[in-house]
Amino acid sequence: MALIKICGLSTPDTLEAALAAGADMVGFVFFEKSPRHIGYDLAAQLGAQVSGRARKTALSVDADDARLDAIVAALAPDGLQLHGKESPERVAAVKARYGLPVLKAIGVSSAADLEGAAAYRGVADWLLLDAKPPKDAAHPGGNGVTFDWTLLKHLDRTLPFMLSGGLDPANVAEAIRISTPDGVDVSSGVEDRPGVKNPDKIRAFVERARASFTSSR
Ligand SMILES: O=C(O)c1ccccc1NCC(=O)[C@H](O)[C@H](O)COP(=O)(O)O
(Lines give C-alpha, C1' and ligand atoms only; values in the text may rest on other atoms or scores of the structure.)
Protein backbone atom coordinates (compact mmCIF):
# COMPACT_ATOMS: atom_id res chain seq x y z
CA MET A 1 0.00 0.00 0.00
CA ALA A 2 1.26 3.48 -0.83
CA LEU A 3 2.17 5.57 2.19
CA ILE A 4 1.13 9.07 3.20
CA LYS A 5 3.51 10.99 5.45
CA ILE A 6 2.84 14.25 7.24
CA CYS A 7 6.13 15.81 8.27
CA GLY A 8 7.07 18.51 10.74
CA LEU A 9 4.35 17.90 13.31
CA SER A 10 4.99 19.70 16.57
CA THR A 11 1.74 19.94 18.56
CA PRO A 12 -0.61 17.33 20.06
CA ASP A 13 -3.62 18.74 18.15
CA THR A 14 -2.08 18.64 14.71
CA LEU A 15 -0.53 15.24 15.39
CA GLU A 16 -3.99 14.00 16.38
CA ALA A 17 -5.42 15.41 13.13
CA ALA A 18 -2.81 13.50 11.11
CA LEU A 19 -3.43 10.25 13.01
CA ALA A 20 -7.21 10.53 12.84
CA ALA A 21 -7.05 11.30 9.12
CA GLY A 22 -5.15 8.04 8.58
CA ALA A 23 -1.61 9.20 7.85
CA ASP A 24 0.71 6.21 7.66
CA MET A 25 3.81 8.06 8.77
CA VAL A 26 4.29 11.11 10.96
CA GLY A 27 7.56 13.01 10.83
CA PHE A 28 9.29 14.99 13.57
CA VAL A 29 12.05 17.47 12.78
CA PHE A 30 15.21 17.57 14.88
CA PHE A 31 16.98 20.54 13.31
CA GLU A 32 17.27 23.63 15.45
CA LYS A 33 17.13 26.16 12.61
CA SER A 34 13.74 24.86 11.49
CA PRO A 35 10.43 26.39 12.63
CA ARG A 36 9.30 22.76 13.03
CA HIS A 37 12.12 21.68 15.33
CA ILE A 38 11.11 19.85 18.51
CA GLY A 39 13.15 19.15 21.64
CA TYR A 40 13.51 15.82 23.41
CA ASP A 41 10.76 16.29 26.01
CA LEU A 42 8.17 17.19 23.40
CA ALA A 43 9.42 14.34 21.20
CA ALA A 44 8.79 11.87 24.03
CA GLN A 45 5.31 13.30 24.59
CA LEU A 46 4.32 13.25 20.92
CA GLY A 47 5.90 9.84 20.44
CA ALA A 48 3.78 8.40 23.23
CA GLN A 49 0.69 9.96 21.68
CA VAL A 50 1.28 8.11 18.40
CA SER A 51 1.13 4.80 20.25
CA GLY A 52 1.29 2.51 17.21
CA ARG A 53 -1.27 4.39 15.11
CA ALA A 54 1.34 5.42 12.51
CA ARG A 55 5.06 5.01 11.94
CA LYS A 56 7.12 7.68 13.68
CA THR A 57 9.93 9.10 11.59
CA ALA A 58 12.76 11.14 13.10
CA LEU A 59 14.22 13.67 10.67
CA SER A 60 17.79 14.84 11.15
CA VAL A 61 20.38 16.66 9.06
CA ASP A 62 23.97 15.33 9.07
CA ALA A 63 23.54 14.27 12.70
CA ASP A 64 26.40 12.48 14.46
CA ASP A 65 25.92 9.31 16.52
CA ALA A 66 25.54 11.18 19.83
CA ARG A 67 22.73 13.30 18.42
CA LEU A 68 21.00 10.30 16.84
CA ASP A 69 21.35 8.34 20.10
CA ALA A 70 19.51 11.14 21.92
CA ILE A 71 16.80 11.43 19.25
CA VAL A 72 16.19 7.68 19.22
CA ALA A 73 16.07 7.57 23.02
CA ALA A 74 13.50 10.40 23.15
CA LEU A 75 11.16 9.48 20.30
CA ALA A 76 11.65 5.71 19.87
CA PRO A 77 11.14 6.17 16.12
CA ASP A 78 10.12 3.50 13.64
CA GLY A 79 12.37 5.00 10.99
CA LEU A 80 15.09 7.58 10.45
CA GLN A 81 14.92 10.23 7.74
CA LEU A 82 18.38 11.51 6.84
CA HIS A 83 17.92 14.89 5.19
CA GLY A 84 21.46 16.17 4.86
CA LYS A 85 24.45 15.21 2.77
CA GLU A 86 24.82 11.75 4.34
CA SER A 87 26.93 9.47 2.09
CA PRO A 88 25.89 5.88 1.29
CA GLU A 89 28.54 4.77 3.82
CA ARG A 90 27.04 6.96 6.53
CA VAL A 91 23.53 5.70 5.74
CA ALA A 92 24.80 2.11 6.04
CA ALA A 93 26.44 2.90 9.38
CA VAL A 94 23.24 4.50 10.73
CA LYS A 95 21.17 1.53 9.62
CA ALA A 96 23.58 -0.90 11.29
CA ARG A 97 23.74 1.09 14.54
CA TYR A 98 19.98 1.46 15.10
CA GLY A 99 18.49 -1.41 13.08
CA LEU A 100 15.79 0.93 11.81
CA PRO A 101 14.56 1.57 8.26
CA VAL A 102 16.22 4.62 6.72
CA LEU A 103 14.66 7.11 4.32
CA LYS A 104 17.38 8.99 2.49
CA ALA A 105 16.31 12.38 1.20
CA ILE A 106 17.67 13.45 -2.17
CA GLY A 107 17.30 16.98 -3.52
CA VAL A 108 16.12 16.89 -7.12
CA SER A 109 16.27 19.58 -9.78
CA SER A 110 17.60 17.60 -12.75
CA ALA A 111 17.95 14.06 -14.08
CA ALA A 112 21.58 14.02 -12.83
CA ASP A 113 20.33 14.22 -9.24
CA LEU A 114 18.43 10.97 -9.79
CA GLU A 115 21.56 9.24 -11.07
CA GLY A 116 23.23 10.11 -7.75
CA ALA A 117 20.34 8.43 -5.93
CA ALA A 118 21.39 5.06 -7.39
CA ALA A 119 24.30 4.97 -4.92
CA TYR A 120 21.81 4.37 -2.08
CA ARG A 121 20.48 1.13 -3.59
CA GLY A 122 20.97 -1.74 -1.16
CA VAL A 123 21.68 0.76 1.63
CA ALA A 124 18.60 2.92 2.23
CA ASP A 125 15.12 1.42 2.57
CA TRP A 126 13.38 4.32 0.90
CA LEU A 127 14.33 7.36 -1.12
CA LEU A 128 12.54 10.59 -0.33
CA LEU A 129 12.77 12.67 -3.49
CA ASP A 130 12.41 16.30 -2.50
CA ALA A 131 12.91 19.52 -4.44
CA LYS A 132 16.42 20.94 -4.15
CA PRO A 133 16.23 23.87 -1.73
CA PRO A 134 16.39 27.40 -3.17
CA LYS A 135 19.92 28.93 -2.94
CA ASP A 136 18.97 31.29 -0.10
CA ALA A 137 17.00 28.65 1.90
CA ALA A 138 17.74 28.45 5.62
CA HIS A 139 17.24 24.69 5.69
CA PRO A 140 17.41 21.79 3.26
CA GLY A 141 13.72 20.83 3.38
CA GLY A 142 10.26 22.08 4.19
CA ASN A 143 10.59 24.87 1.62
CA GLY A 144 7.32 24.34 -0.27
CA VAL A 145 9.08 24.04 -3.64
CA THR A 146 8.13 21.50 -6.33
CA PHE A 147 10.33 19.95 -9.01
CA ASP A 148 9.57 18.59 -12.46
CA TRP A 149 7.73 15.36 -11.69
CA THR A 150 8.14 14.11 -15.26
CA LEU A 151 11.85 13.56 -14.48
CA LEU A 152 10.76 10.52 -12.48
CA LYS A 153 9.56 8.66 -15.58
CA HIS A 154 13.11 7.33 -16.00
CA LEU A 155 13.80 6.61 -12.34
CA ASP A 156 15.22 3.19 -11.47
CA ARG A 157 12.44 1.81 -9.25
CA THR A 158 14.57 -0.72 -7.35
CA LEU A 159 14.03 1.28 -4.18
CA PRO A 160 10.58 2.53 -3.18
CA PHE A 161 10.36 6.30 -3.26
CA MET A 162 8.33 8.92 -1.54
CA LEU A 163 7.53 12.06 -3.53
CA SER A 164 8.06 15.29 -1.63
CA GLY A 165 8.50 19.00 -2.19
CA GLY A 166 5.75 21.57 -2.55
CA LEU A 167 2.86 19.10 -2.36
CA ASP A 168 -0.50 20.30 -1.04
CA PRO A 169 -4.15 19.20 -1.12
CA ALA A 170 -4.67 20.87 -4.51
CA ASN A 171 -1.75 19.32 -6.41
CA VAL A 172 -1.21 15.93 -4.75
CA ALA A 173 -3.53 14.00 -7.11
CA GLU A 174 -1.77 15.37 -10.19
CA ALA A 175 1.62 14.68 -8.61
CA ILE A 176 0.65 11.05 -7.97
CA ARG A 177 -0.73 10.64 -11.49
CA ILE A 178 2.47 11.91 -13.11
CA SER A 179 5.11 10.36 -10.88
CA THR A 180 3.38 7.16 -9.61
CA PRO A 181 5.27 7.24 -6.28
CA ASP A 182 5.20 4.63 -3.51
CA GLY A 183 4.31 7.36 -1.04
CA VAL A 184 3.90 11.11 -0.64
CA ASP A 185 5.27 13.48 1.97
CA VAL A 186 4.11 16.99 2.86
CA SER A 187 5.00 19.70 5.30
CA SER A 188 4.44 23.36 4.37
CA GLY A 189 1.52 22.52 2.07
CA VAL A 190 -0.58 21.68 5.13
CA GLU A 191 0.44 24.79 7.09
CA ASP A 192 -0.92 28.30 7.52
CA ARG A 193 2.60 29.68 8.02
CA PRO A 194 6.01 28.07 8.56
CA GLY A 195 5.75 25.60 11.42
CA VAL A 196 2.01 26.07 12.00
CA LYS A 197 0.06 23.06 10.70
CA ASN A 198 -3.63 23.36 9.83
CA PRO A 199 -5.78 20.30 10.78
CA ASP A 200 -8.25 20.93 7.90
CA LYS A 201 -5.41 20.99 5.38
CA ILE A 202 -3.93 17.82 6.87
CA ARG A 203 -7.30 16.04 6.51
CA ALA A 204 -7.77 17.30 2.95
CA PHE A 205 -4.27 16.19 1.97
CA VAL A 206 -4.66 12.68 3.38
CA GLU A 207 -8.13 12.27 1.81
CA ARG A 208 -7.02 13.38 -1.64
CA ALA A 209 -3.78 11.42 -1.61
CA ARG A 210 -5.59 8.26 -0.43
CA ALA A 211 -8.31 8.62 -3.08
CA SER A 212 -5.71 9.16 -5.75
CA PHE A 213 -3.62 6.14 -4.74
CA THR A 214 -6.76 4.00 -4.55
CA SER A 215 -8.01 5.00 -8.00
CA SER A 216 -4.60 4.47 -9.61
CA ARG A 217 -4.23 0.86 -8.39
O1 LIG B 1 10.65 20.73 7.47
C2 LIG B 1 11.71 21.27 7.83
O3 LIG B 1 11.72 22.33 8.46
C4 LIG B 1 13.01 20.63 7.49
C5 LIG B 1 14.18 21.18 8.02
C6 LIG B 1 15.39 20.61 7.70
C7 LIG B 1 15.46 19.53 6.86
C8 LIG B 1 14.29 18.98 6.34
C9 LIG B 1 13.07 19.53 6.65
N10 LIG B 1 11.90 19.01 6.11
C11 LIG B 1 11.92 17.86 5.28
C12 LIG B 1 10.65 17.20 4.94
O13 LIG B 1 10.49 16.00 5.07
C14 LIG B 1 9.59 17.95 4.26
O15 LIG B 1 8.39 17.27 4.44
C16 LIG B 1 9.94 18.00 2.78
O17 LIG B 1 11.12 18.74 2.59
C18 LIG B 1 8.82 18.67 2.00
O19 LIG B 1 8.58 19.93 2.49
P20 LIG B 1 7.45 20.84 1.83
O21 LIG B 1 7.95 21.22 0.48
O22 LIG B 1 7.33 21.98 2.75
O23 LIG B 1 6.21 20.01 1.78
Side-chain angles (χ1 to χ4, degrees), residues 3-11 14-15 18 23-39 42-43 46 54-63 67-68 71 75 77-86 90-91 94 101-109 113 117 124-149 152 160-176 179 181-198 201-202 204-206 208-209:
L3 301 184
I4 301 172
K5 171 168 171 277
I6 307 293
C7 197
L9 291 155
S10 59
T11 68
T14 54
L15 173 59
D24 303 289
M25 288 174 127
V26 287
F28 302 97
V29 174
F30 296 86
F31 185 65
E32 279 164 17
K33 283 184 252 172
S34 168
R36 307 168 184 103
H37 167 74
I38 59 168
L42 182 55
L46 296 177
R55 298 184 215 174
K56 294 170 282 182
T57 305
L59 185 159
S60 61
V61 179
D62 297 317
R67 174 74 164 140
L68 287 176
I71 291 169
L75 182 68
D78 302 295
L80 298 170
Q81 179 173 333
L82 304 182
H83 216 102
K85 294 188 164 54
E86 297 87 1
R90 176 63 183 149
V91 172
V94 168
V102 172
L103 284 85
K104 177 67 189 101
I106 307 283
V108 180
S109 65
D113 298 318
D125 297 272
W126 280 76
L127 294 176
L128 185 138
L129 302 178
D130 196 359
K132 228 173 215 172
K135 283 205 167 53
D136 56 350
H139 30 83
N143 293 304
V145 182
T146 56
F147 66 93
D148 177 3
W149 302 319
L152 302 177
F161 84 93
M162 195 161 275
L163 180 69
S164 185
L167 299 180
D168 61 33
N171 69 10
V172 68
E174 179 73 347
I176 290 170
S179 65
D182 303 290
V184 288
D185 166 74
V186 65
S187 187
S188 53
V190 293
E191 292 179 344
D192 289 334
R193 56 182 191 281
V196 181
K197 293 278 185 293
N198 176 319
K201 292 180 186 175
I202 290 172
F205 184 88
V206 174
R208 288 181 200 176

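All ligand and atom numbering here is 1-based and tracks the order in the structure.
Against a heavy-atom cut-off of under 4.0 Å, C7 is close to the following atoms of ligand 1: 12 (C), 13 (O), 15 (O). Residue-ligand proximity, L59 to ligand 1, at heavy-atom distances under 4.0 Å covers atoms 7 (C), 8 (C), 9 (C), 10 (N), 11 (C), 12 (C), 13 (O). Heavy-atom contacts of P140 reach the following atoms of ligand 1: 6 (C), 7 (C) (cutoff under 4.0 Å). Of all the atoms in ligand 1, the ones that sit under 4.0 Å from a non-hydrogen atom of G166 are 20 (P), 21 (O), 23 (O). For ligand 1, the atoms lying closer than 4.0 Å to a non-hydrogen atom of N143 are 21 (O), 22 (O).
Annotation: atom 14 (C) of ligand 1 to nearest protein heavy atom, D185 OD2, 3.5 Å. Considering only non-hydrogen protein atoms, atom 6 (C) of ligand 1 sits nearest to F31 CD2, 3.6 Å. Counting only heavy atoms of the protein, atom 13 (O) of ligand 1 lies nearest to Q81 NE2, 3.0 Å. Atom 18 (C) of ligand 1 has S164 OG, 3.1 Å as its closest protein atom, hydrogens excluded (heavy atom only). Protein heavy atom nearest atom 1 (O) of ligand 1, with residue, atom name and distance: R36 NH1, 3.1 Å. Protein heavy atom nearest atom 23 (O) of ligand 1, with residue, atom name and distance: S187 N, 2.9 Å. Looking only at heavy atoms of the protein, atom 4 (C) of ligand 1 is closest to G141 O, 3.5 Å. The protein heavy atom nearest to atom 20 (P) of ligand 1 is S188 OG, 3.5 Å.
Considering A137, S34, G142, G165 only, the shortest heavy-atom separation from atom 3 (O) of ligand 1 involves S34.
Here the straight-line distance linking atom NE2 of H37 with atom CG of L42 works out to 9.5 Å at 0.5 Å rounding.
In this structure, the side chain of E86 does not engage the main chain of R90 through any donor-acceptor pair within 3.5 Å. Between the N143 side chain and the V145 main chain, no donor and acceptor come within less than 3.5 Å of each other. A donor-acceptor pair is defined here as one N or O able to donate and one able to accept, closer than 3.5 Å; no such pair exists between the side chain of E174 and the backbone of V172.
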(request) Could you walk me through whether Q81 and K5 pass the side chain to side chain donor-acceptor pair (under 3.5 Å) test, one step at a time? (result) CA-CA 12 Å; Q81 179 173 333; K5 171 168 171 277; 2.6 Å; yes

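At least one heavy atom of G144 sits closer than 4.0 Å to an atom of ligand 1. Within the structure, the closest approach of K5 to ligand 1 falls below 4.0 Å when heavy atoms are considered.
In terms of polar-atom proximity, defined here as any N/O pair under 3.5 Å, V61 makes no such contact with ligand 1.
A salt bridge does not link R55 with D78: every distance from a Lys NZ or Arg NE/NH1/NH2 to an Asp or Glu carboxylate oxygen is 4.0 Å or more. Using a cut-off of 4.0 Å between Lys/Arg side-chain N and Asp/Glu carboxylate O, D192 and K201 are scored as salt-bridged.
For the residue pair D130 and H83, a side-chain donor N or O sits within less than 3.5 Å of a side-chain acceptor on the partner.
Taking the side chain as every heavy atom from C-beta outward, L75 and F30 approach each other to under 4.5 Å. Two residues are said to be in side-chain contact when any heavy atoms from C-beta on lie closer than 4.5 Å; F161 and L128 fail this criterion.
Residue R36 is tested with S10, S188, S187 for a side chain to side chain donor-acceptor pair (under 3.5 Å); the sole match is S187.
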